[in-house]
4 protein chains.
Amino acid sequence: MRKVTKAMQVLDEQKRAKILTAAAKLFATQPFHKVLLSDVAEAASVGKGTLYTYFKNKEDLYLSVLYSGFSRLIHCLRDRMDEEAYGPEENMEVVIRETIRFAYQTPHLFEVMRTVPSWGPVERAKWDAKRREFKDLIESIICRGISQGIFIDPHPELTARYIPGFVRSALIDGIETIDREALTDHILRFVKAAITVKEDVC
Amino acid sequence: MRKVTKAMQVLDEQKRAKILTAAAKLFATQPFHKVLLSDVAEAASVGKGTLYTYFKNKEDLYLSVLYSGFSRLIHCLRDRMDEEAYGPEENMEVVIRETIRFAYQTPHLFEVMRTVPSWGPVERAKWDAKRREFKDLIESIICRGISQGIFIDPHPELTARYIPGFVRSALIDGIETIDREALTDHILRFVKAAITVKEDVC
Amino acid sequence: MRKVTKAMQVLDEQKRAKILTAAAKLFATQPFHKVLLSDVAEAASVGKGTLYTYFKNKEDLYLSVLYSGFSRLIHCLRDRMDEEAYGPEENMEVVIRETIRFAYQTPHLFEVMRTVPSWGPVERAKWDAKRREFKDLIESIICRGISQGIFIDPHPELTARYIPGFVRSALIDGIETIDREALTDHILRFVKAAITVKEDVC
Amino acid sequence: MRKVTKAMQVLDEQKRAKILTAAAKLFATQPFHKVLLSDVAEAASVGKGTLYTYFKNKEDLYLSVLYSGFSRLIHCLRDRMDEEAYGPEENMEVVIRETIRFAYQTPHLFEVMRTVPSWGPVERAKWDAKRREFKDLIESIICRGISQGIFIDPHPELTARYIPGFVRSALIDGIETIDREALTDHILRFVKAAITVKEDVC
DNA sequence: TATGAATGAGGATTCATTCAT
DNA sequence: TATGAATGAATCCTCATTCAT
């Protein structure tokens with residue numbers, strides 16, 4: 001009777017993902033209080049009750065949307081970073097490029113990320129941790145750059161926070177009007193100009 | 001018999017302001033759906049029904065809070081810009097400083113920008129216009145700087161979009177942990193480094 | 001300073017009438033709870049507060065609409081009845097004809113009359129009295145007819161109640177489609193057939 | 001995943017009926033705006049929210065109460081008519097008797113007819129159709145009577161409209177004071193006298 | 001007396017959550 | 001486990017009525 005336990009688990013994971021995707025799209029388009037769980041259920045082709053099998057409540061679903069999306073991005077970035085062959089400049093470029101690419105591919109989800117969850121401290125901690133991971137990733141690149149004399153930045157931990165902001169600013173009402181490549185190049189140039197040591201060769 | 005405009009712009013402008021102020025305080029502290037109109041009414045020392053004399057509904061009140069805040073920011077920036085004594089660098093500093101100050105007071109402002117699309121097209125147009133005003137303001141500063149040989153930026157219109165992003169990034173879960181002055185200084189330094197012409201004097 | 005007391009009284013009476021007319025139109029078109037006092041005030045070109053100068057409250061206004069309209073009809077009928085030259089048959093014809101004419105002229109008001117006020121007993125008494133006046137008027141005609149051997153009716157007080165019902169039935173969704181003269185004739189014929197002694201002349 | 005019709009016609013038909021019954025009792029006793037949905041819910045032993053599962057809103061519930069009542073009346077009349085054993089006179093008696101019985105139970109029915117215009121055109125059409133059904137039912141009885149030489153009536157379609165008017169007139173402020181049986185008998189006698197051929201046997 | 005802005009009690013409606021099936 | 005009908009607490013909003021001007 002239980003022979004398909006594992007298969008069911010897989011099935012569940014798929015359903016969970018389906019819900020997350022549907023929810024991400026809705027949360028990205030409308031403010032929290034306008035997203036109805038019935039809409040989410042319908043969009044995910046799932047019963048309303050099923051949502052509660054996978055998520056504790058509406059807030060948990062919301063946070064999970066953020067969390068899973070962000071995790072995916074970080075995971076993706078880590079993959080690229082691992083190759084130590086790259087120097088700080090190349091890594092920084094990778095981060096910015098990938099973040100923009102990610103934002104373009106899943107604009108809904110990326111938009112959601114930016115929201116400040118002003119709720120319970122328990123769930124928030126989890127989310128904060130993930131965010132810090134992202135920040136640390138960038139920070140470490142900058143620090144490495146600094147130690148190599150390539151970058152200069154009195155507060156790398158602050159700079160690390162700006163990166164998502166860049167991307168986000170760029171996407172707001174700009175997706176249609178601005179060429180993606182041009183945008184990416186400009187952001188890259190901007191960041192590099194801001195933290196790269198000016199090579200005053202005399 | 002004189003009919004009052006449907007726009008509900010008049011009546012007692014002072015009372016309208018009182019409500020806006022009270023509402024702003026509450027909306028800044030809690031997310032939309034946790035702010036009760038009864039609380040707003042009480043905070044404004046006004047009857048619940050009075051809110052509906054000045055605003056169409058809760059959403060209208062919310063948008064008005066943000067809109068009036070944003071307008072005030074732009075107005076304030078314009079005032080400072082007018083004094084032509086200042087050069088582009090000083091102006092840029094003013095913009096960033098004031099925007100940060102504003103963002104601290106109105107943390108939800110940027111929240112709106114994402115969800116504006118889900119409101120009516122009329123409201124959205126109003127917002128887009130205001131947003132463009134803000135962008136143009138910054139862009140003009142950069143352009144002036146460029147023409148004076150102080151700044152260098154291949155795409156001032158893109159840079160103009162980043163500024164709010166900076167501020168926003170800085171505020172996300174950072175209000176408590178980071179010294180506001182330090183943050184401001186760093187952003188300033190960052191932006192200037194990014195667009196200021198490197199004076200390679202040999 | 002008080003020299004225009006009487007003139008003011010006249011003015012007031014006009015304003016009161018203006019309000020009643022406006023209210024009648026609205027109460028006839030919509031159910032009680034959908035008629036807003038602000039609408040009445042606007043329709044009467046009067047301030048909302050003014051309504052309370054002339055009427056105790058919404059219910060009082062409603063009853064006054066009924067009362068004044070009904071009074072006018074009764075007054076009109078009495079005028080015609082006074083001429084004792086007419087016999088019961090002619091009088092009955094006058095009542096029916098005039099009631100229909102009245103209903104056609106002020107359909108709104110006439111429609112309102114038919115509503116059962118299910119409120120306070122005090123106001124209701126006044127209204128009941130007026131209604132009884134109307135009923136008595138008709139009843140007396142029938143009774144006179146009976147005593148003259150022209151009519152036969154075991155319960156004239158019941159028949160008296162049917163008359164408005166006839167008119168009303170006829171008007172419901174029928175004003176446009178049915179010729180008024182034909183309707184009047186038919187009702188007349190119907191009532192007469194019902195209560196006139198069948199003159200079996202052998 | 002089966003979608004439920006928006007018409008909200010299905011679900012638990014029994015529960016829907018329970019709500020209708022409870023609501024009917026309340027709407028019969030009090031005017032629309034004095035009937036609270038919380039009372040309806042309690043009377044139906046149902047949660048307040050459940051009302052909205054079966055009815056769009058308060059008005060829809062109200063109309064449904066009346067509509068279902070009216071439909072039941074017509075259905076009931078049809079059942080009786082079907083038995084062809086009865087002649088036009090008996091049928092007319094059934095109609096009047098049943099209509100009076102119904103009117104006692106649903107005194108507000110006729111209220112609706114006046115205000116239907118202020119509702120949407122869809123609802124109105126439904127009502128008009130039902131009303132016509134009722135009128136046709138009566139008309140056909142009269143016409144049959146005429147063709148059998150029992151009745152005489154130049155305009156059966158007008159007479160058909162009077163019947164509800166009779167009943168209504170009789171009920172206005174008369175429920176308490178008049179014996180129902182006497183009223184019924186009198187109406188019956190009245191109508192019969194009005195349209196029955198006077199058998200002048202010489 | 002006339003006005004209409006202010007009021008707040010009152011009630012309709014929503015929607016996250018539960019639970020019987 | 002999946003479902004969606006049932007629930008009712010929560011809250012927005014209405015509108016008759018008041019009262020300062």
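In what follows, chains carry the letters A, B, and so on, assigned in the order in which the sequence lines appear, proteins first and then strands, with residues in each chain numbered from 1.
If you take NZ of Lys34(D) and P of dT14(F), they are 22 Å apart, rounded to a whole angstrom. In this structure, the CG atom of Asn57(B) is 9 Å from the C1' atom of dC13(F), given to the nearest Å. One can place CG of Leu37(B) at 10 Å from P of dT11(F), the figure rounded to the nearest angstrom. Regarding Tyr62(B), its OH atom lies at a distance of 17 Å from the C1' atom of dC12(F), rounded to whole Å. The distance from atom CD of Glu13(D) to atom P of dA6(F) is 12 Å, rounded to the nearest whole Å. The CZ atom of Phe55(A) sits 13 Å away from the P atom of dT17(E) (whole-angstrom rounding). When rounded to the nearest whole Å, the span between NZ of Lys15(D) and P of dT21(E) equals 11 Å. The nearest whole Å value for the distance from the CD1 atom in Ile19(B) to the P atom in dA5(E) is 13 Å.
For Thr50(A) and His33(C), each mapped to the nucleotide of DNA chain F holding its nearest heavy atom, the one lying further toward the 5' end belongs to Thr50(A). Toward the 5′ end of DNA chain F lies the nearest nucleotide of Leu51(D), the other residue of the pair Leu51(D) and Leu36(C) mapping further downstream.
Residue-level contact check: Val40(B) touches neither bases nor backbone, having no heavy atom under 4.0 Å from any strand.
Remark: Lys25(B) NZ is loosely packed, at most 12 non-hydrogen atoms of other residues, nucleotides or ligands lying under 6.0 Å away.
With ring centers used as reference points, Phe27(A) lies under 6.0 Å from Tyr62(A).
Lys15(B) forms no cation-pi arrangement with Tyr54(B), by the criterion of a distance under 6.0 Å to the ring centre and an angle within 45° of the ring axis. For the pair Lys58(C) and Phe32(C), the cation-pi criterion (under 6.0 Å, within 45° of the ring axis) is fulfilled.
The phosphate of dT14(E) (OP1 or OP2) has no side-chain N or O of Lys48(D) nearer than 4.0 angstrom. Contact annotation: Tyr54(B) reaches the phosphate of dA6(E) (side-chain N/O to OP1 or OP2, under 4.0 Å). Phosphate contact (OP1/OP2 of dA5(E), side-chain N/O of Thr53(B), threshold under 4.0 Å): absent. Contact annotation: Lys58(D) side-chain N/O to dA12(E) OP1/OP2 distance is under 4.0 Å.
Here the side chain of Asp12(C) is nearest to one of dT7(E), dT18(E), dT1(E), namely dT1(E).
Considering every non-hydrogen atom in both Leu37(B) and Tyr52(B), the closest pair reads CD1-OH, 3.1 Å.
The partner of dG11(E) is dC12(F), by the rule that a Watson-Crick or G-U pair needs both atom distances under 3.5 Å.
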